[in-house]
Amino acid sequence: MSRNESVLVVGVGASRGLGAAIARRFASGGYAVVVAGRTAEKVEKVAAEISSAGASAVAVVGDASAEADAERFVDAAEAAGPLAVAVHNAGTNRRDPFLELAAEHFTQLWREHCLGGFLVGRAAVRRMIHRGAGSILFTGATGSLRGRAQFAAFAAAKAGLRAVAQSMAREFGPKGIHVANVIIDGGIEGDRLLARFPDATERRGPDGLLRIDAIAESFWQLHAQHRSAWTHELDLRPWAEPF
Ligand SMILES: NC(=O)c1ccc[n+]([C@@H]2O[C@H](COP(=O)([O-])OP(=O)(O)OC[C@H]3O[C@@H](n4cnc5c(N)ncnc54)[C@H](OP(=O)(O)O)[C@@H]3O)[C@@H](O)[C@H]2O)c1
């Protein structure tokens with residue numbers, strides 16, 4: 001079913017990654033999808049895969065933490081149809097013993113997660129507010145809630161993004177815009193994790209890592225919720241994950 005509306009997914013990389021899976025889920029639901037990321041080959045490949053499956057997808061390259069790029073991503077989505085959903089999924093992670101954590105790396109993660117989320121969210125709200133409808137969905141992590149040893153930069157960035165999401169939800173929920181933060185509390189079975197730890201799937205046991213399509217389904221369901229029963233924060237973890 002074609003819906004004549006667009007969905008923007010910012011932070012798309014490998015085909016076997018969360019951003020790509022979210023884009024595929026909304027494309028299969030009939031939306032024109034704009035996939036945005038900072039590596040041209042990756043976003044172009046994901047868009048081509050979606051298009052060859054018969055759905056509509058356009059790739060846009062840029063850095064979500066640059067104001068002009070965040071605006072350009074949203075413009076590209078609006079060109080494909082009124083923006084129904086904006087997802088901010090971008091950002092990397094790094095481990096640094098605290099005394100070796102460089103200000104540059106601390107700032108880099110804050111820019112990717114927190115500043116980028118703010119810029120994409122603000123650009124999206126500016127389009128949605130006139131229609132009084134739309135969903136803005138952020139990808140969080142365990143670090144959104146807890147600063148693990150040696151992950152100060154990541155935790156600060158994700159906690160900041162969570163605060164941005166809360167503030168937006170309180171301001172724009174009553175104006176018809178659904179803002180939600182999805183806390184991914186576990187490892188994602190995707191290229192990012194498996195490139196570093198190729199035996200992670202085996203080590204975690206059956207369904208011990210979050211499947212990208214299963215997470216994407218939750219993003220889809222968040223957008224589908226009736227406004228009389230909206231979720232603001234959703235935590236997702238594998239069945240056997242201790243927490
Ligand atoms: N992987 C995990 O185990 C895990 C666990 C919990 C939460 N998360 C969260 O899940 C999200 C990512 O999912 P994923 O790990 O499967 O990766 P992914 O969705 O496959 O890829 C995320 C993409 O974001 C892009 N990106 C980073 N900074 C950007 C920026 N400033 N502007 C535009 N694009 C940017 C990266 O580009 P490049 O390819 O150029 O780097 C990367 O390709 C992140 O929010 C992450 O914190 C991941």
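Just so you know, ligand 1 is whichever comes first in the structure, and atom 1 is the first atom listed for that ligand.
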Side-chain donor-acceptor pair under 3.5 Å between [X] and [Y], yes or no?
| X | Y | result |
| --- | --- | --- |
| T201 | E189 | yes |
| R227 | H178 | no |
| E112 | S65 | no |

With side chains defined as the heavy atoms from C-beta onward, is the minimum distance between [X] and [Y] less than 4.5 Å?
| X | Y | value |
| --- | --- | --- |
| R211 | E217 | no |
| I183 | L236 | no |
| W110 | L115 | yes |

Atom indices of ligand 1, in the order listed, that fall short of 4.0 Å to a heavy atom of [X]:
| X | value |
| --- | --- |
| H113 | 47 (O) |
| G186 | 5 (C), 6 (C) |
| I184 | 6 (C), 7 (C) |
| G187 | 3 (O) |
| F154 | 47 (O) |
| G19 | 19 (O) |
| D63 | 30 (C), 31 (N), 32 (N) |
| A64 | 30 (C), 31 (N), 32 (N), 33 (C) |

Closest non-hydrogen atom pair between [X] and [Y], with its separation:
| X | Y | answer |
| --- | --- | --- |
| A180 | L222 | CB-CD1, 4.0 Å |
| A80 | A32 | O-CB, 3.9 Å |
| P238 | D207 | CB-O, 3.5 Å |

Measure [X] to ligand 1 on non-hydrogen atoms and call it side chain, backbone, both or neither using the 4.0 Å cut-off.
| X | answer |
| --- | --- |
| K158 | side chain |
| T142 | neither |
| R192 | side chain |

Without placing hydrogens or testing angles, list every side-chain donor-acceptor pair under 3.5 Å for residues 143-151, not counting sequence neighbours.
unit_1	atom_1	unit_2	atom_2	d
S144	OG	A141	N	2.9
S144	OG	A141	O	2.9
Q150	OE1	R95	NE	3.0

In the protein, what heavy atom is nearest to [atom], and what distance, to one decimal place, separates them?
| atom | answer |
| --- | --- |
| atom 39 (O) of ligand 1 | K42 NZ, 2.5 Å |
| atom 41 (O) of ligand 1 | R38 NH2, 3.1 Å |
| atom 10 (O) of ligand 1 | T139 CG2, 3.4 Å |
| atom 27 (C) of ligand 1 | G91 N, 3.3 Å |
| atom 20 (O) of ligand 1 | G17 CA, 3.2 Å |
| atom 29 (C) of ligand 1 | A90 CB, 3.6 Å |
| atom 40 (O) of ligand 1 | T39 OG1, 2.6 Å |
| atom 25 (C) of ligand 1 | G11 CA, 4.0 Å |

Aromatic ring proximity, centroids under 6.0 angstrom, F154 and H113
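Yes, close enough.
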
For the side-chain contact (heavy atoms from CB on, under 4.5 Å) test, which of N89, L234, T139 pairs with I184?
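So the option named by the test is T139.
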
Can you find a non-hydrogen atom of [X] under 4.0 Å from ligand 1?
| X | answer |
| --- | --- |
| R111 | no |
| G190 | no |
| G116 | no |
| G62 | yes |
| A36 | no |
| N89 | yes |
| A20 | no |
| V10 | no |

Any N or O of [X] closer than 3.5 Å to N or O of ligand 1:
| X | result |
| --- | --- |
| A141 | no |
| R16 | no |
| G140 | no |
| L193 | no |
| L18 | yes |

CZ of R25 to CD1 of I212: how many Å apart, nearest 0.5 Å?
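The distance works out to 13.5 Å.
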
Evaluating non-hydrogen atoms only, which member of L119, L209, I188, V12 is closest to atom 3 (O) of ligand 1?
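It is I188 whose heavy atom sits nearest to atom 3 (O) of ligand 1.
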
Measure up the H88 and F138 rings against each other and bin them: parallel (under 30°), tilted (30 to 60°), perpendicular (over 60°).
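H88 vs F138 ring planes: tilted.
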
As a quick check of understanding, evaluate side chain to side chain contact (heavy atoms under 4.5 Å, CB included) for R204 and E241, giving each step before the final call.
CA-CA 9 Å; R204 293 300 182 108; E241 183 85 17; 3.3 Å; yes

V33/S56 under side chain to side chain contact (heavy atoms under 4.5 Å, CB included): CA gap, chis, key distance, verdict
CA-CA 6 Å; V33 172; S56 164; over 6 Å; no

side-chain hydrogen bond (donor to acceptor under 3.5 Å, both in side chains) partner of D191, chosen from K42, R16, R196:
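Among K42, R16, R196, the one meeting side-chain hydrogen bond (donor to acceptor under 3.5 Å, both in side chains) with D191 is R16.
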
Given R72 and V60, is the side chain to side chain contact (heavy atoms under 4.5 Å, CB included) satisfied, shown in steps?
CA-CA 8 Å; R72 199 161 47 76; V60 194; 3.5 Å; yes

From CA spacing to verdict: side chain to side chain contact (heavy atoms under 4.5 Å, CB included), L109, T92:
CA-CA 7 Å; L109 261 61; T92 56; 4.0 Å; yes

